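Nothing fancy with the numbering, it's 1 onward along the sequence. We use all heavy atoms of the structure for the numbers below, so side chains are in, but hydrogens, waters and symmetry mates are not. For ligands, and for the atoms within them, numbers begin at 1 and follow the listed sequence. Nothing here was measured: the structure is a model prediction, and the numbers come from that model.
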Amino acid sequence: MDATPRYGVRIANQANTAIEEAAETLRLLGYAVVDAGLSPAELEGLREGFEALRRKAASDELADLRRRVGEADLLRCPLADDPRFLALAANPRILALCEALIGPGFILNQQNGILNPAESERYSQSPYHRDLPYQHFVSTRPLALNALFCLDPFTAENGATWVIPASHKEEAFPSEPVLRAQRRQVEAPAGSFLVLDCMIWHGGGQNRTNRDRRAVNHVYTIAMMRQQIDLPAYLGEGFTQDKALRQLLGFQHPQPRSVREYLETQAARRGV
Ligand SMILES: O=C(O)CCC(=O)C(=O)O
């Protein structure tokens, strides 16, 4: 690619791969679209899995509780019930992006199936928010990323996500005129991830079509942050012995409940 004419430049970024390009875009704007690299059959399998879990969630023992807390359009932690969602959480392109931006040792904080319902005014993710809610700070590196997998295409008609570009670099929520002038709706094809710096202000759009718009979000964080659900406790010790998956799911970062447990964890880590 020919270099764009410029002058006075002494320092310039280089992006030689799609991941490097996405990482630079995320640093600059706080969002980027990344192709997951899945086959049509894999994408279809995830859609089937999503529908099966939705049917189960509509009538299982937690259905009433979900409705009471306004979570009827959310599927919490689908990877616990279907290995296809575990593979999605471990997508190599997203893990490479997390490695580049968060650094080694990041963990999965949460995975949720999200439904933007057909012909709806709003849903749980419509109001603008940060994925580290109630936080107002600027950090030089991302502490957390959200990789929102598009099971369906994200379009202006079905409520693609609105973002306020570069708002991860400002502490405060923008003023109303700036928000309205600068917000941008990000369209993305099915099978891609919309990746967000967790400090960017964003919200789901209005779905004006007669079909639900389905997505699966993944929040990855530095290991010091508490997971939404304690995944090692929820999944159980026998869930996987794969070392990389155990690191991703937080098994390598147990929270000791006593000084003895803390010392024992340290001794096990050092092999002493
Ligand atoms: O559904 C969307 O478009 C936005 C999802 C969202 O806000 C989130 O995952 O935090």
Side-chain angles (χ1 to χ4, degrees), residues 26 29-34 36 46-47 50-51 53-54 57 66 69-79 85 88-89 91 94 97-98 101-102 106-136 142-168 173-174 179 183-209 211-221 225-229:
L26 268 150
L29 298 176
Y31 69 96
V33 175
V34 175
L46 284 163
R47 288 179 176 145
F50 191 94
E51 291 307 318
L53 290 175
R54 257 178 94 179
R66 268 191 210 95
V69 300
E71 293 222 349
D73 58 10
L74 276 175
L75 286 174
R76 296 272 175 209
C77 202
L79 66 81
F85 290 95
L88 187 64
N91 180 276
I94 294 303
L97 198 50
C98 289
L101 287 169
I102 304 176
F106 62 87
I107 60 169
L108 181 72
N109 178 285
Q110 57 188 275
Q111 181 190 54
N112 302 298
I114 298 178
L115 199 78
N116 184 346
E119 288 162 356
S120 66
E121 198 55 25
R122 56 183 59 246
Y123 68 112
S124 63
Q125 302 301 305
S126 314
Y128 279 87
H129 60 280
R130 283 180 157 154
D131 285 327
L132 299 182
Y134 303 100
Q135 304 307 308
H136 290 273
L143 301 175
L145 293 177
N146 180 353
L148 185 58
F149 181 73
C150 307
L151 277 173
D152 296 309
F154 277 31
T155 66
E157 292 71 38
N158 73 5
T161 314
W162 288 92
V163 299
I164 304 171
S167 59
H168 61 305
F173 190 74
L179 183 154
R183 69 182 163 187
R184 157 147 206 245
Q185 199 168 20
V186 188
E187 296 195 314
S192 62
F193 286 96
L194 168 59
V195 185
L196 306 172
D197 182 304
C198 277
M199 294 303 280
I200 195 173
W201 296 105
H202 66 282
Q206 186 181 354
N207 186 352
R208 293 191 207 83
T209 71
R211 295 174 72 108
D212 297 334
R213 193 219 67 193
R214 300 162 298 175
V216 184
N217 83 3
H218 302 82
V219 174
Y220 302 88
T221 69
M225 280 189 200
R226 195 158 49 87
Q227 291 171 313
Q228 180 185 61
I229 294 169

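The neighbour count for R66 CZ, taken as heavy atoms of other residues, nucleotides or ligands under 6.0 Å away, is above 12.
Looking from atom 6 (C) of ligand 1 to the surrounding protein, the closest heavy atom is Q125 OE1, 3.3 Å. Nearest non-hydrogen protein atom to atom 2 (C) of ligand 1 is Y123 OH, 3.1 Å. Of the protein's heavy atoms, T161 OG1, 2.7 Å lies nearest to atom 3 (O) of ligand 1.
Only the side chain of D131 comes within 4.0 Å of ligand 1, judged by heavy-atom distances. Neither the backbone nor the side chain of W162 comes within 4.0 Å of ligand 1, counting heavy atoms alone.
The aromatic rings of F85 and F50 sit tilted, their planes meeting at an angle between 30° and 60°.
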### Message
Using the rule given for salt bridge (charged side-chain N to carboxylate O under 4.0 Å, His left out), can you reason through R54 versus D212, listing the C-alpha separation, both sets of side-chain angles and the distance that settles it, and then say yes or no?
### Response
CA-CA 12 Å; R54 257 178 94 179; D212 297 334; 2.9 Å; yes
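One distance of note links CD of Q227 with CG of L108; it measures 7.0 Å at 0.5 Å rounding.
Two residues are said to be in side-chain contact when any heavy atoms from C-beta on lie closer than 4.5 Å; Y123 and R213 meet this criterion. The closest side-chain heavy-atom distance from I114 to D73 is not below 4.5 Å.
Listed by number with element, the atoms of ligand 1 under 4.0 angstrom from any heavy atom of N217 are 8 (C), 9 (O). Close contacts between ligand 1 and R213 involve ligand atoms 1 (O), 2 (C), 3 (O) [criterion: under 4.0 Å to a heavy atom]. The distance from ligand 1 to the heavy atoms of N146 drops below 4.0 Å at these ligand atoms: 8 (C), 9 (O), 10 (O).
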